Amino acid sequence: MLSNQELAALFERIADLLEIKGEVIYKTLAYRRAAESLRGSAEEAALLANQNRLLEIPAVGKAIAEKIQELLDTGKLEFLVRLEQEVPPGLIELLQVPDVGPKKAALFWKQAGITSLAELESAARAGKLRSLPGLGEKSEGRILEGLDALKRRSSRRLLGNVRPVALRWLQWLRAQPGVVQAEAAGSLRRWRATIGDLDLVAASENSSAVMAAFTGHADVQRVLGQGENKSSVELKDGLTMQLWVQPPARFGTLLQFVSGSKDHNVRLRELAQKKGLSLSERAITAAGGAETLYAGEAEVYAALGLPWIPPELREDRGEIQAALENKLPHLLETADIHADLHTHTDWSDGSVSLQAMAEAALARGYQVLAITDHSVGLGVANGLSVDRLRAQRAEMNAVQARLGGRLRLLQGSEVEIHADGSLDFPDEVLAELDIVVASLHSSLRQPRAQVTERLVRAMRNPHVDIIGHPSGRQMPNREGADLDWEAVLAAARESGVALEINAQPARMDLDEIYARRAASLGIPLAIDTDAHEPDQMGWMEYGVSVARRAWLGPAAVLNTWPVEQLLAWLQRKR
DNA sequence: GCCGTTTTCGGCCCGACTGTTTTCAGTCG
């Protein structure tokens, strides 16, 4: 059974091959849009196909729907098989090289017989590229540098790793002479879980001085490009970074443009066009050619008849339509959170005492803290036996007595879900706890039916309150379990269990797609840091960002609820 | 290939930067 992600990858592949083949650009664009739309859809195409509803997927029309159906029915696609006979699939990897696009890939193939990265590299080293039409020595050199960069470059990086770097650069940028204003934009501003390049924007009347300081910065390894409005560098650790500069009067359109996403911007520009306007990073231009400049981003949206759209929503997942109808959601904010329901102490694999975690929660202004150390089955994490669990309750009571009414402690467990779906503690032990988070940590690679049934069985245990990091993914390397999400969500709704948005930057699990779908089904969500030390409680903002990208407001999230309501919910099945 | 109260046919975002091309094509975001 092909997942939406797998289908999307196949349509991207088709788009790449068509582009190299020289197909009209709008056809390849249609495949890419369909792929992106599948990625953003929580409803599995397989399910929609059964209900004859494939055409409901945005950007999927008759031709692509038929191809999805064929892929689901047969696991193959005749159209793609033929395409791969026409265009060598090895050419697709050439597109990863900076400065190599479909036209050059086709040129290398047709005029030099190159069909792989290895062949491209040996041709470049032998000086055979410079004689191709439209290329010279410099192009050949850039391609060699690009091949090197490709080897150094790891995949996308975690938001949690890049964000601190970005904030330091922003501080540096704001301190440069002539810089009036600066922001981090791009996927960082949209809080995507992973980041490719880092995009910074600045307002200045003296862009060349700012650009010179940027490209001359001590951390820069290599300058990839330098102009008046835009420069691009590779840092010593391999991260690539862009800086865009416009005068302060144009900062609004610049910030809007660089924040993306690309698809959001395309939609916005189409909307502008319908109004007879042309939107760019420099201005909004009327049909007659008269420019209007915008210093602020909200005014750009206003000029198009829209309320300001929070960056987290700018993924072309219906936000422009919602804005047009004045139906944008009121989004959750970190300040709405006053509980963390999944944390660890030195009773298991956390690094500090229960008392220290409680103080950290107080320092954040929380009203509720759940301590959920691991259960005995997770031996590597020093999981608690039943005896130790009961001993921990005694310590918790003592700490609670010292805290008085300032913070409500909940004794919980992050209880292992065994490979068969049974739990690591017997029911009578779970019944003693204030809160139970059940999680998968092992045997994540079980077949779909098995791992789904396992999770469903755990949810049906009447003592389970929350499913922790439901997919089990760990970015960038470990994929989540191959779950049948519709079955998981149906079981969650039926059993009254909440699903976690785990805020660890490497997890961010549920992701925004399934969090949005879960909330639309009325399933409560819990945003938890899974902190193993006090500082990690600061990860809450990453969890909140997932919720915002999922269009969630405070009401959808357990840890914003008034304490009495939360406690009542925890008692719901007892 | 998709899509539509300005269209079921004829559109489909816009500009910066680079290299090679003497006026522009390719790539990128």
Side-chain angles (χ1 to χ4, degrees), chain A residues 11 14-15 18-20 22-37 54-68 79 94-108 129-143 145-146 185-187 190 196-201 207 211 215 223-233 240-246 250 253-254 256-285 291 304 314 316 320 324:
Chain A
F11 287 123
I14 290 173
L18 286 177
E19 215 170 1
I20 295 168
E23 183 58 86
V24 288
I25 189 65
Y26 298 110
K27 194 179 280 196
T28 69
L29 195 64
Y31 280 104
R32 289 195 202 287
R33 279 188 167 177
E36 195 50 45
S37 183
L54 282 175
L55 291 174
E56 290 177 20
I57 303 171
V60 171
K62 187 163 170 290
I64 291 182
E66 281 171 4
K67 291 185 173 69
I68 293 174
F79 175 76
L94 266 49
L95 303 178
Q96 296 168 24
V97 182
D99 296 319
V100 176
K103 295 290 178 2
K104 284 198 188 119
L107 182 75
F108 296 151
L129 296 184
R130 62 184 69 179
S131 53
L132 294 172
L135 276 77
E137 272 183 59
K138 280 192 177 172
S139 302
E140 192 174 76
R142 279 181 81 91
I143 285 166
E145 282 184 5
S187 46
R190 301 197 314 279
D197 302 340
L198 182 51
D199 291 296
L200 300 177
V201 296
S207 87
M211 290 303 187
T215 55
V223 178
L224 304 171
Q226 180 170 0
E228 271 293 295
N229 303 96
K230 178 177 130 184
S231 293
S232 180
V233 301
T240 55
M241 203 158 95
Q242 264 104 229
L243 174 63
W244 310 68
V245 181
Q246 289 284 341
R250 298 184 191 268
T253 40
L254 178 68
Q256 193 289 316
F257 167 70
V258 183
S259 295
S261 67
K262 184 177 170 62
D263 293 332
H264 172 86
N265 285 352
V266 168
R267 293 284 175 214
L268 209 57
R269 288 172 177 203
E270 285 171 356
L271 184 66
Q273 265 199 330
K274 282 184 193 153
K275 296 177 183 292
L277 303 170
S278 169
L279 168 66
S280 80
E281 61 266 45
R282 299 174 49 79
I284 293 180
T285 310
E291 274 191 337
L304 300 173
R314 300 182 194 170
D316 189 26
I320 290 178
L324 280 168

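Naming: A, B, ... by sequence-line order, numbering from 1 per chain. Here the structure is a predicted model, which is why all the values come from computation and not from measurement.
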*Where A/Leu224 and A/Thr240 come nearest, the two heavy atoms and their spacing*: CD1-CG2, 4.0 Å
*For the residue pair A/Val201 and A/Ala185, what are the closest heavy atoms and their distance?*
CG1-CB, 4.2 Å
For the [atom1] atoms, the ones on [N] and on [M], what distance do you get once it is rounded to whole angstrom?
| N | M | atom1 | answer |
| --- | --- | --- | --- |
| B/dG4 | B/dC13 | P | 14 Å |
| B/dT7 | B/dC12 | C1' | 13 Å |
| B/dT21 | B/dT27 | C1' | 16 Å |
| B/dT22 | B/dT18 | C1' | 16 Å |
| B/dT23 | B/dA16 | P | 22 Å |
| B/dG10 | B/dG15 | P | 26 Å |
| B/dG1 | B/dT5 | P | 23 Å |

Examine [N]: is either OP1 or OP2 under 4.0 Å from a nitrogen or oxygen in the side chain of [X]? Give yes or no.
| X | N | value |
| --- | --- | --- |
| A/Ser278 | B/dC14 | yes |
| A/Ser231 | B/dC17 | no |
| A/Asn229 | B/dC17 | yes |
| A/Tyr26 | B/dG1 | no |
| A/Lys27 | B/dG1 | yes |
| A/Gln273 | B/dC14 | yes |
| A/Arg269 | B/dG15 | no |

Between [X] ([atom1]) and [N] ([atom2]), how many Å, whole number?
| X | N | atom1 | atom2 | result |
| --- | --- | --- | --- | --- |
| A/Arg32 | B/dC28 | CZ | P | 11 Å |
| A/Leu135 | B/dT21 | CG | C1' | 12 Å |
| A/Arg282 | B/dA16 | CZ | C1' | 10 Å |
| A/Leu271 | B/dT6 | CG | P | 12 Å |
| A/Leu132 | B/dA25 | CG | P | 19 Å |
| A/Lys138 | B/dC17 | NZ | C1' | 13 Å |
| A/Lys262 | B/dT27 | NZ | P | 14 Å |
| A/Asp197 | B/dG29 | CG | C1' | 9 Å |

*Earlier contact from the 5' end, DNA chain B, for A/Lys62 and A/Leu224*: A/Lys62
*On DNA chain B, check which nucleotide each of A/Glu228 and A/Leu29 is closest to and give me the residue with the more 5' one.*
A/Leu29
*Going by distance alone, is a donor N or O of one side chain under 3.5 Å from an acceptor N or O of the other, for A/Thr253 and A/Glu281?*
no
*Donor-acceptor pair between A/Gln242 and A/Ser232 side chains, under 3.5 angstrom*: yes
Can you identify which nucleotide, out of [options], has its nearest atom closest to the [X] side chain?
| X | options | answer |
| --- | --- | --- |
| A/Pro102 | B/dT20, B/dG1, B/dT27 | B/dT27 |
| A/Lys230 | B/dC13, B/dT20, B/dG15 | B/dG15 |
| A/Lys274 | B/dG19, B/dT6, B/dG1 | B/dT6 |
| A/Arg142 | B/dG15, B/dG1, B/dG19 | B/dG19 |
| A/Lys104 | B/dG29, B/dG26, B/dC13 | B/dG26 |

Using a 4.0 Å heavy-atom cut-off, does [X] contact any base of the nucleic acid, only the sugar-phosphate backbone, or nothing at all?
| X | value |
| --- | --- |
| A/Tyr31 | sugar-phosphate |
| A/Lys275 | nothing |
| A/Val100 | sugar-phosphate |
| A/Leu279 | sugar-phosphate |
| A/Glu19 | nothing |
| A/Val245 | nothing |

*Trace of the side chain to side chain contact (heavy atoms under 4.5 Å, CB included) decision for A/Met211 with A/Glu228*: CA-CA 7 Å; A/Met211 290 303 187; A/Glu228 271 293 295; over 6 Å; no
*Can you list the steps and then say if A/Gln273 with A/Arg269 is a side chain to side chain contact (heavy atoms under 4.5 Å, CB included)?*
CA-CA 6 Å; A/Gln273 265 199 330; A/Arg269 288 172 177 203; over 6 Å; no
*Would a 4.5 Å heavy-atom cut-off, applied to side chains only, mark A/Ile143 and A/Phe108 as touching?*
yes
*Specify whether A/Tyr31 and A/Phe79 have parallel, tilted or perpendicular ring planes, treating 30° as the upper limit for parallel and 60° as the lower limit for perpendicular.*
parallel
*Now, which nucleotide makes the Watson-Crick or G-U wobble pair with B/dG10, with each of the two distances under 3.5 Å?*
B/dC3
